[in-house]
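Working notes for the structure below.
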Amino acid sequence: MSDARPVGFFDSGVGGLCILDAFRRLCPDEATVYIADSENCPYGNKPAEEIVRLSERNTARLLGRGCKMVVVACNTATAAAIDFLRASHPDTPFVGLEPAVKPAALRSKTGIVAVLATQGTFNGRLYNETKAKFAKDVTVIATVADEFVEIVENAFRGVADPAAAELPRTWGPEVERIVRAKIEPLVNAGADKIVLGCTHFPHLKGVIEAVCAGRAEVIDPSGAVARQAKRILAERGLLRAP
Ligand code: DGL
């Protein structure tokens with residue numbers, strides 16, 4: 001059995017392209033549709049009800065394009081809206097994202113981990129439940145990094161079809177300065193795991209790793225989310241045959 005319908009992805013902007021990229025590498029036969037809601041970006045400081053409304057609109061557009069599954073490629077939208085989306089579309093499988101606090105806490109040797117995310121993600125039930133369950137014995141430094149979202153959105157401004165564009169791999173000295181100002185204090189505070197809890201941040205992974213210089217591991221969830229999406233497609237018999 002083969003299901004040729006596309007897999008849908010949405011994010012508040014271009015952050016989720018990192019997830020899309022990982023998924024395309026893992027499942028090159030799948031067709032994909034990506035919605036970057038950049039005109040409403042950032043979601044990070046919006047009220048939860050507004051994020052639910054925008055997420056529902058993005059989902060409706062993806063389903064209107066015939067998508068067989070929706071990947072909510074945004075931690076903030078997942079935190080605010082995934083329960084609503086699953087309840088509203090019971091026949092559609094959804095894959096969401098939450099900061100990888102569990103592996104970070106389990107692997108930390110210093111007992112200190114830093115999570116970079118939006119305020120909306122930190123306010124959400126998923127993050128707080130996971131933290132209470134798996135990170136009660138470690139110190140979690142929760143850090144909002146909205147300036148990183150802006151940097152990444154600016155890098156794609158004017159690009160007509162971001163999902164078809166090459167992802168930026170190198171960044172200038174000004175970006176390096178901003179990233180260093182955010183990351184250096186976390187490493188100096190003893191964090192040996194830096195969790196990228198917002199899908200815009202893997203775009204800056206190379207710069208963040210350069211600042212960490214081997215002192216902390218950067219945890220990027222993109223590959224794990226892509227594998228989870230593939231697993232769900234396989235379980236439901238929705239994979240597209242080569
Ligand atoms: N990409 C979104 C996330 O993963 C956040 C960016 C925003 O504030 O809109 O949380």
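Whatever order the structure lists ligands and atoms in, that order sets their numbers, starting from 1. Please read all numbers here as calculations on a predicted model, not as lab measurements.
- Every pair passing ring pair (Phe, Tyr, Trp, His ring centres under 6.0 Å) that includes a residue from residues 196-218 is listed here, sequence neighbours excluded: F148-F201, F156-H203.
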Could you pull out every donor-acceptor pair under 3.5 Å between side chains of residues 64-73 and any protein atom, sequence neighbours left out?
from, atom 1, to, atom 2, distance (Å)
K68, NZ, D3, O, 2.7
K68, NZ, R5, O, 3.3
K68, NZ, E30, OE1, 2.7
K68, NZ, L238, O, 2.7

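- Across D192, V187, V138, I141, a single residue satisfies side chain to side chain contact (heavy atoms under 4.5 Å, CB included) together with I112, and that is I141.
- For K230, there are no salt bridge (Lys or Arg N to Asp or Glu O under 4.0 Å) partners, not counting sequence neighbours.
- When heavy-atom distances to ligand 1 are checked against 4.0 Å, the residues falling inside are D11, S12, C41, P42, Y43, G44, C74, N75, T76, T118, V149, C198, T199, H200, ordered by chain and number.
- You'll find the side chain of I219 reaches within 4.5 Å of the side chain of R107, heavy atoms only.
- The main-chain N or O of L17 is never found under 3.5 Å from a side-chain atom of D11 such that the two would form a donor-acceptor pair.
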